Amino acid sequence: MMFAQIVVLEYIHTEDEPRSFTYEIPTELHDRMTIGHLVIVPFGNRRLPGLVIALPETSAIKNLKSIEALLDPQPALSPAQFELAKWISETTLAPLHECIELFLPPGIQGRVDTLYTLVDAELPAKLSATQSELVALLRKRGPLRSAQIDRALPRKNWQEAVRSLTRRNLIEKQSILMPPSVRPKLAKYVRLIADRSASIVDQARSDLSARSEVADRRSRILDYLAHENKPVWISWVYAETGANLADLQALADRELIALGEEEVWRDPLADKSFVSIDPPHLTHDQASVWDKIQLNLSPPSTPYLLHGITGSGKTEIYLRAVAETLAQHKRALVLVPEIALTPQTVQRFAARFAGRVGVIHSGLSDGERYDVWRKTRAGAIDVIIGPRSAVFAPIDRLGLIVIDEEHEGSYKQEHRPFYHAREVALQLARLTNATVILGSATPSLESWSRAQRGEFKLLTLPRRIIGHTQSIQDQQTRYHIEAKSFQPTDVDDARYAEMPPVDIVDLRAEIKSGNPHIFSRRLQNALADVLNRNEQAILFINRRGAATFVLCRDCGHVLKCPRCDSPLTYHEPIDQPQKVTMLICHTCNHREPQPNECPNCHSKRIRYFGTGTQKVEAALKELIPEARTLRWDRDTTSGKDSHEIILQHFIQHEADVLIGTQMIAKGLDLPLVTLVGVISADTTLHLPDFRSSERTFQVLAQVVGRAGRSILGGRAIIQTYAPDNYAIEAAAQHDYESFAKKELEFRQQAAYPPFTRLARLLIRDANADRAKREAEKVATQLDSLLTRSGIARDSIIGPAPCFFAKLRDQYRWHIALRHPDPVSIVRELRLTPAWRIDIDPLSML
Ligand code: ADP
Ligand code: ZN
Ligand code: ZN
C-alpha cells in the first residue's frame with residue numbers, strides 16, 4: 001500500500017482548519033506519483049483538486065479514501081519550488097498550503113474537467129438512442145470533454161448514457177485540466193466618420209446643443225474627435241469628455257462616429273530614440289561592471305548588487321546578462337516593481353528578445369495567466385518579466401534572476417503569506433544555482449549593508465549616460481537646439497551627462513519673507529521658464545503621511561512624543577467622547593491634546609500639514625492659466641488603463657505639467673522634462689516608522705532623477721521645512737553613500753534593522769476595547785516568554801494603536817519584537833489566526 005499526503009486546494013475553509021489529508025494511491029498510479037503532482041480527490045461529497053506534498057510509507061489511519069485521478073502528468077511544482085514553498089512557510093509562519101498556492105495559476109478548480117474516449121472495441125448492437133449518438137460523436141470527433149459534449153448534445157441526458165458505457169468499459173473517463181481559452185485582447189477605438197461633410201457634423205452639433213447635460217457631453221465628443229483627427233482609444237475619450245458608452249452608441253447610431261476594435265498591446269513608448277534593438281557597445285563603466293559578473297557558476301556566485309544612479313545604464317547590464325544566460329541555454333526571470341508604472345523597461349526587454357519574452361501583470365485574466373503559466377512550464381518562454389508574483393513562475397533551467405529597483409516596497413506582499421520577493425528570489429537562486437542581480441539607484445539599507453558585509457558583491461555605475469551620439473543628433477533635430485558638449489565615455493560613441501543640479505528652498509524663510517504661496521518664488525520662476533521654452537515639468541507631492549503630523553510653519557518644529565521621540569500624529573476626535581483633537585504616539589500610545597502654539601517659537605502657525613494634487617493644480621492654474629496640467633494620483637488612476645492613458649498624454653506633450661504623488665517617481669524616461677519641483681519634501685520624514693528617512697531619501701532621489709534625461713538638460717527644486725535634514729540634503733546631492741552611512745549609524749544606535757530583525761504582530765477588531773485588550777494580553781505573554789529565555793524586555797515595542805488606527809471599520813493595534821531570529825520566538829506564542837504575523841515588516845504604519 002502507498003499513501004500520499006495531499007493539500008486540498010481552493011476549498012473555502014476557516015483559517016484554522018487543517019488542509020492536508022492522507023489518501024491511498026491506487027495501484028495504477030503507484031509509479032507515476034511524485035511530490036508536486038495535481039490530483040483529484042474525493043472530499044466530503046465533492047471532488048476537489050489537491051497537490052501531493054508527501055509520500056509516506058505508512059499511515060496510522062485505516063480505511064482511507066483513494067486518490068481518484070492524476071490531473072496533469074507533469075508536476076505543478078518542481079522539487080525546487082516545493083522546497084521553496086516550505087521555506088516560505090517556515091520563514092513567514094504562513095500555513096504551507098497558502099505558500100503552495102502562490103505557485104499555482106488561479107482558478108484550477110474551475111478547470112477540472114473529464115475527458116471521454118471511445119475504447120476501440122466491438123460495440124454491442126443494442127444501444128439507446130442517446131448512447132448511439134454519443135458513440136457516433138466520439139467516433140467522429142475523437143476524445144471530448146464534458147463541456148464539448150454538452151454543446152454537441154444539447155438537452156440530452158448523455159451523462160446517464162455515459163455511465164453505463166463506462167461501466168461496460170466501452171468509454172474511458174479521465175480527469176484533466178482544461179486548456180486556457182485566450183482571446184487576443186481588443187481595445188475599442190472611436191473615430192469621427194471621415195466622409196461626413198463638415199456641415200452634417202455642424203448640423204448634428206447644433207441639434208445636440210439643446211442644452212442638456214447629455215447633449216453637452218455628446219458635442220464634446222464630436223469636438224474632441226475632430227480635434228484629434230485620428231482614431232482615439234475609447235478609454236481616452238471617456239477621460240477627456242466625461243462621456244459614457246451610451247453616448248458613443250447614440251452617436252454611432254446616427255453614423256457620426258464609428259467604433260472599432262484593434263488588438264492591444266500598443267506601444268506606450270512614443271519616443272524610442274534611446275532604444276536600439278541591437279545591443280550598444282558598453283561604456284567603460286558598464287564594461288568594468290560586466291567584467292565582474294560571472295553567470296551560472298556552481299555553486300552559484302555571490303548575488304550582485306548593482307548600484308547606479310538613474311540613467312547610468314543598469315538596464316543595459318541586465319539585458320546583457322539575459323542575453324548571455326540565453327546563450328548558455330538557460331532562462332531568465334526579471335522582476336520589476338509594477339508593470340503599469342514601468343512600461344519602458346518592459347518594452348526594452350521585449351524589443352531585445354523579441355518572441356521569447358512573457359509578461360505577467362495584473363491586467364491578465366485568469367485564462368491568460370494560466371496560459372503564461374503553461375507556456376512557461378512547457379519551456380516556451382525564455383524571459384519572464386513580472387512583478388513580485390512572477391518569482392513563482394514554473395521556470396525550468398533558471399539561470400538568472402534580475403530584481404530591478406530592488407528597494408521598492410511593492411516586492412513585499414502585504415497580506416499573508418507576508419513574503420518579500422527579493423528574499424524568495426535569493427532562496428530560489430540558492431536552490432537552483434541561478435545568478436542574482438539586484439539593481440537600484442537607491443538600494444535598500446538591508447541590501448546595502450549585506451554588500452558591505454560581503455554577502456552581496458557590489459557593482460557601481462557612477463555616471464549618467466545620455467545616449468549615443470546618433471540619438472543626441474536625433475534629439476538636436478527634433479528639439480531644434482544646439483546641444484552642449486557631453487563628456488565622452490572613453491570607449492564608444494555614447495556620452496555621459498551631469499546629474500541635474502538640485503536647489504533646496506527653505507519654506508520657513510519663504511514664509512518669513514512674505515510668500516505664503518505653495519510655490520516658492522524660485523519654483524514659480526522656474527515653471528514660467530520651462531513653459532516659455534515649451535518643455536515639460538513634473539510637480540511632485542509627497543502626500544503619504546501628509547495631513548497627519550503637526551508642524552510649525554515658522555520654525556519647522558515638529559511635535560514629538562516626550563516619551564519615545566516618535567512624531568505625534570493628529571487625529572480627528574473619533575473614538576473618545578470629549579471631542580478634543582488629540583495627538584497620538586503610535587509607538588508607545590502616549591496621548592496629548594493638540595497645542596495652540598508652537599512650543600519652540602510660540603508661533604500660532606502650528607497646524608497639521610498637507611497639500612493634495614488638486615490644490616497644487618488649482619494654484620498652478622492661478623499662477624499660469626495657460627499651463628496644461630495633468631494629475632496622476634490614486635484618484636485619477638482608478639480605471640484599469642488609466643496609468644497608460646496619463647503617461648501617453650504626457651509623453652505626447654499633450655500636457656505641460658504632470659502633478660503627481662509617489663507613482664511619478666518610478667522608472668520613466670521623459671526627455672522633455674527639464675524641471676522637477678518637489679512641493680513638500682518633508683511629509684514622509686515624520687511618519688512613525690523607522691524607515692521614514694530612507695523612504696524620503698529614496699523617493700526624492702528617484703523623482704529628482706526624472707529631470708535632465710535628455711540633451712535638453714534640466715534641474716530640480718526641493719521645497720522643504722527641513723532643509724538641513726540629511727535625507728533631503730543627500731538626495732539633492734545625488735549622494736546615496738553619505739545618506740546610507742548616516743542612516744546606518746542611526747539604525748545601529750536605535751537597534752533597528754538591518755542591525756536586528758523585527759516581527760510585527762497586528763490585531764484587528766471591530767471593537768476598539770477588545771483590540772486593545774487582546775494586544776495587551778499578547779504583549780504580556782510575549783514579555784514572560786522573553787523573560788524566561790533571558791532576553792531584555794526592551795525588545796518589545798508597544799502595544800500601541802497603529803498609525804492607521806482604524807481601517808475598514810477595524811481597530812488596529814500592534815506589537816513589534818526586536819530579535820535576531822524573531823520566527824523562533826513568535827512561533828512559541830501560538831497566536832490565533834486573527835493575528836497577522838509579519839516577519840521583517842516593511843511597513844510599521
Ligand atoms: P538605468 O537602467 O540605470 O536607468 P539605462 O540602462 O536605462 O539606465 O540607460 C540610460 C540611457 O542610456 C538609456 O536611454 C539607454 O538606452 C542609454 N544607454 C545605456 N547604455 C548605453 C550604451 N552603452 N551606449 C549607448 N547608450 C546607452
Ligand atoms: Zn511615544
Ligand atoms: Zn515654531
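One-based numbering, in listed order, for ligands and for the atoms of each. A quick note: this is a predicted structure, and the numbers were derived from the prediction, not measured.
For ligand 1, the atoms closer than 4.0 angstrom to any heavy atom of Ile309 are 3 (O). Less than 4.0 angstrom separates some heavy atom of Gly313 from each of these atoms of ligand 1: 1 (P), 3 (O), 5 (P), 6 (O), 8 (O), 9 (O). For ligand 1, the atoms sitting less than 4.0 Å from at least one non-hydrogen atom of Thr283 are 23 (N), numbered in the order shown with element in parentheses.
Nearest heavy-atom pair, Arg591 versus Pro801, reported as atom, atom and distance to 0.1 Å: NH2-CG, 4.0 Å.
Of the possible donor and acceptor atoms, one in the side chain of Ser843 sits under 3.5 Å from a partner among the backbone N and O of Leu845. Of the possible donor and acceptor atoms, none in the side chain of His307 sits under 3.5 Å from a partner among the backbone N and O of Gly439.
Proximity of Ile465 to ligand 1, defined as any heavy-atom pair under 4.0 Å, is shared by backbone and side chain alike. The proximity of His281 to ligand 1, defined as any non-hydrogen pair under 4.0 Å, is limited to the backbone.
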(message) Set out, in order, the CA-CA distance, both residues' side-chain angles and the distance that settles salt bridge (Lys or Arg N to Asp or Glu O under 4.0 Å) for Glu408 and Arg422, then state yes or no.
(response) CA-CA 10 Å; Glu408 275 286 334; Arg422 177 180 61 223; over 6 Å; no
(request) Given side-chain contact (heavy atoms from CB on, under 4.5 Å), test Thr310 with Arg706 step by step and report yes or no. (result) CA-CA 8 Å; Thr310 49; Arg706 299 294 138 232; 3.9 Å; yes
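Residues Thr435 and Tyr304 form a side-chain contact, since some pair of their non-hydrogen atoms from C-beta on lies under 4.5 Å apart.
Protein N/O/S atoms found under 2.8 Å from the Zn ion (ligand 3): Cys552 SG, Cys555 SG, Cys598 SG, Cys601 SG. Excluding waters, the protein N/O/S atoms found under 2.8 Å from the Zn ion (ligand 2) are Cys561 SG, Cys564 SG, Cys585 SG, Cys588 SG.
Defined by atom type and a distance below 3.5 Å, a donor-acceptor pair is missing between the side-chain atoms of Ser410 and Glu338. Ser447 and Glu406 form a side-chain donor-acceptor contact under 3.5 Å, judged by distance and modelled atom types alone. Under the 3.5 Å distance criterion, with hydrogens and angles disregarded, no donor-acceptor pair is assigned to the side chains of Arg463 and Thr283.
Ring planes of Tyr736 and Phe697: tilted class, angle from 30 to 60°.
Residue Arg320 forms a side-chain contact (heavy atoms from CB on, under 4.5 Å) with just one option from Thr325, Ile293, Val289, Leu282, and that option is Leu282.
Between Glu776 and Lys772 there is a salt bridge, since a side-chain N of the basic residue sits under 4.0 Å from a carboxylate O of the acidic one. The pair Asp382-Arg356 counts as a salt bridge, with a side-chain nitrogen and a carboxylate oxygen less than 4.0 angstrom apart.
Closest heavy-atom approach to atom 15 (C) of ligand 1 among the candidates Arg348, His307, Glu316, Arg464: Arg348. When Thr315, Ile317, Thr345 are checked for heavy-atom proximity to atom 2 (O) of ligand 1, Thr315 turns out nearest.
At least one N/O-N/O distance between Gly311 and ligand 1 falls below 3.5 Å.
To the nearest 0.5 Å, atom CD1 of residue Ile796 and atom CG of residue Asp783 are 4.5 Å apart.
Remark: distances from the non-hydrogen atoms of Ser312 to ligand 1 include one below 4.0 Å.
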